[in-house]
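What follows is one structure encoded as structure tokens, with my remarks underneath.
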Amino acid sequence: MKQPTLQIKNLTKYYGKIKGVENLSLQLYAGEIFGFIGPNGAGKSTTIRCIMHLINPTSGQILINDKEFKQDDTETKSIIGYLPSEIHLYDDLTVKEMLNYHEGFYKKDIHKRRCELTARFQLDETKRIEDLSLGNLKKLGIILAFMHEPKILILDEPTSGLDPIMQNVFYDLLKEERAKGNLILYSTHILSEISKICDRVGIIKNGCLIKLEEIHTDKSQSTSLVITSPQINEIIRDIQAVVHSQDNTTASLQCELPHDILIKKLAQYSVEHIQIKQPSPEEMFFRYYEQENETC
Amino acid sequence: MLKRELKINLKSFIIWTSILIGLFAIVYLVYPSVFNSDNKQMIDNMMEMLPQEMLKAFNMDLSSIETAYGWLKTEGFVFVLLISGIYSGILGSQILLKEENDKTIEYLNSLPITRSNIAFSKILCGIIYISLMILCVGVFNFIGLSLSGEFDRIAFILLSITPLFSSVVIFTICLFLSTFTHKTKKTIGISLGIVFAGYFLNIISEMGTSVESLKYLSVFTLADIRNVIMSESLNLWLVMLSFLLAMMFLTGTFLRYNHKELV
């Protein structure tokens, strides 16, 4: 059985009486990009900050390679690359000095990887950090998170501020990291990114994990339909569809049946008009944001 | 990490040390001309008019201010105590907290180092700079006094060391207090309050037996200049107390910092 690289067990974090996350459990595996999505204030950053020991969980455990990840476990820290959503670095340093400073914390030689990444992201090492634009600061943050060749990458809204060309460079880099067998926890609220790069996705809302989905499996199973038929009520019952809207003869539906079974079932009825649409992951996630119950 | 800490705190060290050295440089330059035989009598008369408690508060009952060394023993070391105390207070309240205030802690915490390592490097840097400030001022005064005339070298060295005890304790108190917040602006006021309140309590405590117990509330009691002037030795009990207090606040700092929420 495949062992998870990163496990979050029953994580709960309360800020006083305010809930950050509650009873959140996740298992993430090597070689996957796990999308962690949710609206603002859903608890994504709280979860990540608990993993990184920036804040203390109220209860719960973080395990890395089956071992509890303690705050001062420097060996485990050395295999983690972390990119916070807002990057704050030392303004008095130049990019070169910052990268040199970072290199100094790692036992292995990471200079070659640093050079590769700075060339790939076209980052000028002579600039002072205080003079960097938001996009360039993001590039520096990415290089700092990746340059020590971590096995686990925890990325909180990594593409905000990057131009579309650099976003593609970044997506390619993520795919390479996945191919190397590294785990990537990718937190974002940009839904279109998820379908582009993620293998699995976890949806968090009001501090609770409300859905875990495999991106590709979902694509093959869920179908959006608009059907006009005098037998619309029978059709809805037969194909076990979720109704989004309905009038006398027309209904907008969501059906989870495989396509061949769906078509065979529809063939038994009188159908005046049919429109079949594959919902994009964005649409699906958006529905979860709107629909799911507010409690865990 | 220590190297970077030393680099970023160098500027404030130079500024605060320069203030003290500049002050003493002015004293050494103007003292011979101000304190001549013409106005000596006038100053002596003025001193006689002051109450004994007031003279005691500034150690003027033990030493005359006729020479630069005499001035140093009375008012001069008060400046060293106050300015090194303010510098230590500000340094203590900022050195650890700056990373949280500037939000760079999120980066620093992700590196393969322990929180104790982070705190240790910063504390060591603070203690190095406080000691260096006391040393620089001491060396400068030694040179200044050597050029001004005769003085008791042993007593001077002991006097120069005493501000170190109060300053290190102020540094550790402010460091400990800084672990209760995330913003440096909240702690700077408190640290300056500790220094000034401590100084005034110390002065008031010298003014009579009824208020003598106030000295136990002042951190400046640890820098017992009066005892050094009188006995030419350090009060070992106060040295040990300074060490114990510093250790107590440092332990508290490490314990609090290791459990602190950093963002």
Side-chain angles (χ1 to χ4, degrees), chain A residues 13-16 20 45-46 48-58 70-93 97-98 100-108 110 129-130 137 140-141 143-145 147-148 150 152-156, chain B residues 1-15 91 94-125 129 178-185 250-251 253-263:
Chain A
K13 172 67 187 173
Y14 270 83
Y15 299 98
S45 292
T46 297
I48 286 176
R49 285 170 173 178
C50 284
I51 297 172
M52 294 306 296
H53 293 292
L54 283 159
I55 54 176
N56 306 320
T58 308
K70 297 260 172 71
Q71 181 180 279
D72 285 339
D73 182 354
T74 53
E75 206 137 302
T76 304
K77 271 178 147 187
S78 69
I79 61 159
I80 298 176
Y82 173 53
L83 179 68
S85 55
E86 284 177 38
I87 298 160
H88 295 275
L89 298 167
Y90 303 115
D91 284 346
D92 58 306
L93 299 182
E97 287 167 339
M98 185 73 223
N100 286 343
Y101 182 65
H102 188 82
E103 271 187 30
F105 286 96
Y106 292 89
K107 288 173 194 159
K108 61 180 181 182
I110 55 174
I129 289 173
E130 63 181 347
L137 196 59
L140 178 56
I143 294 167
L144 291 171
M147 69 188 261
H148 56 283
I152 299 166
L153 282 148
I154 297 170
L155 313 172
D156 196 357
Chain B
M1 215 186 142
L2 176 65
K3 203 174 141 192
R4 170 158 173 78
E5 285 305 317
L6 289 169
K7 190 186 159 196
I8 56 174
N9 288 294
L10 180 64
K11 207 155 93 180
S12 67
F13 163 74
I14 290 171
I15 291 168
L91 196 62
Q94 281 193 325
I95 201 158
L96 205 52
L97 203 54
K98 196 177 183 304
E99 300 279 356
E100 286 161 70
N101 191 63
D102 296 349
K103 297 178 180 172
T104 47
I105 192 67
E106 231 174 330
Y107 164 74
L108 193 58
N109 181 69
S110 72
L111 297 170
I113 41 169
T114 63
R115 283 201 196 180
S116 297
N117 279 154
I118 296 172
F120 181 76
S121 302
K122 288 174 183 286
I123 292 165
L124 185 60
C125 169
Y129 273 138
S178 76
T179 61
F180 289 88
T181 181
H182 294 294
K183 296 281 174 196
T184 50
K185 65 180 177 189
L250 282 179
T251 308
T253 302
F254 277 104
L255 288 174
R256 286 261 333 146
Y257 194 66
N258 274 316
H259 293 97
K260 192 180 183 187
E261 301 215 326
L262 298 176
V263 288

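Note that the structure is a prediction, hence the values are computed from the model and not measured. In what follows, chains carry the letters A, B, and so on, assigned in the order in which the sequence lines appear, proteins first and then strands, with residues in each chain numbered from 1.
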ask   = Once you round to the nearest 0.5 Å, how far does CD1 of I113(B) lie from CG of D72(A)?
value = 10.0 Å

request  = Mind ranking Y101(A), Y106(A), Y90(A) by heavy-atom pairs under 4.5 Å with chain B and telling me who comes out on top?
outcome  = Y90(A)

Residue among E261(B), K103(B), E99(B) with most heavy-atom pairs under 4.5 Å to chain A = E261(B)

note = Highest number of heavy-atom pairs under 4.5 Å with chain A among N258(B), N117(B), I8(B), I105(B) belongs to N258(B)

inquiry  = When you measure from the side chain of K77(A) to the backbone of N109(B), do you find a donor-acceptor pair of N or O atoms at a distance under 3.5 Å?
reply    = yes

key: Contact winner vs chain B - K107(A), H102(A), M52(A), E86(A), heavy-atom pairs under 4.5 Å   = H102(A)

query = Hey, which of K7(B), H259(B), E106(B) has the most heavy atom pairs under 4.5 Å with chain A?
reply = E106(B)

key: Residue part contacting chain B, namely of H148(A), when any heavy atom lies under 4.5 Å   = neither

query = Which of the residues L89(A), D91(A), L83(A) is involved in the greatest number of heavy-atom pairs with chain B at under 4.5 angstrom?
reply = L89(A)

ask   = Of the backbone (N, CA, C, O) and the side chain (C-beta and beyond), which part of L144(A) lies under 4.5 Å from a heavy atom of chain B, both, or neither?
value = side chain

inquiry  = Looking at K108(A), I want to see if its NZ is surrounded by more than 12 non-hydrogen atoms of other residues, nucleotides or ligands under 6.0 Å.
reply    = yes

request  = Select one option (side chain, backbone, both, neither) describing which atoms of N56(A) are under 4.5 Å from chain B's heavy atoms.
outcome  = both

task = Determine yes or no for a side-chain-to-main-chain donor-acceptor pair under 3.5 angstrom, with D102(B) supplying the side chain and H88(A) the backbone.
result = no

inquiry  = Between L93(A) and chain B, with a heavy-atom cut-off of 4.5 Å, which part of the residue counts as in contact: side chain, backbone, both or neither?
reply    = side chain

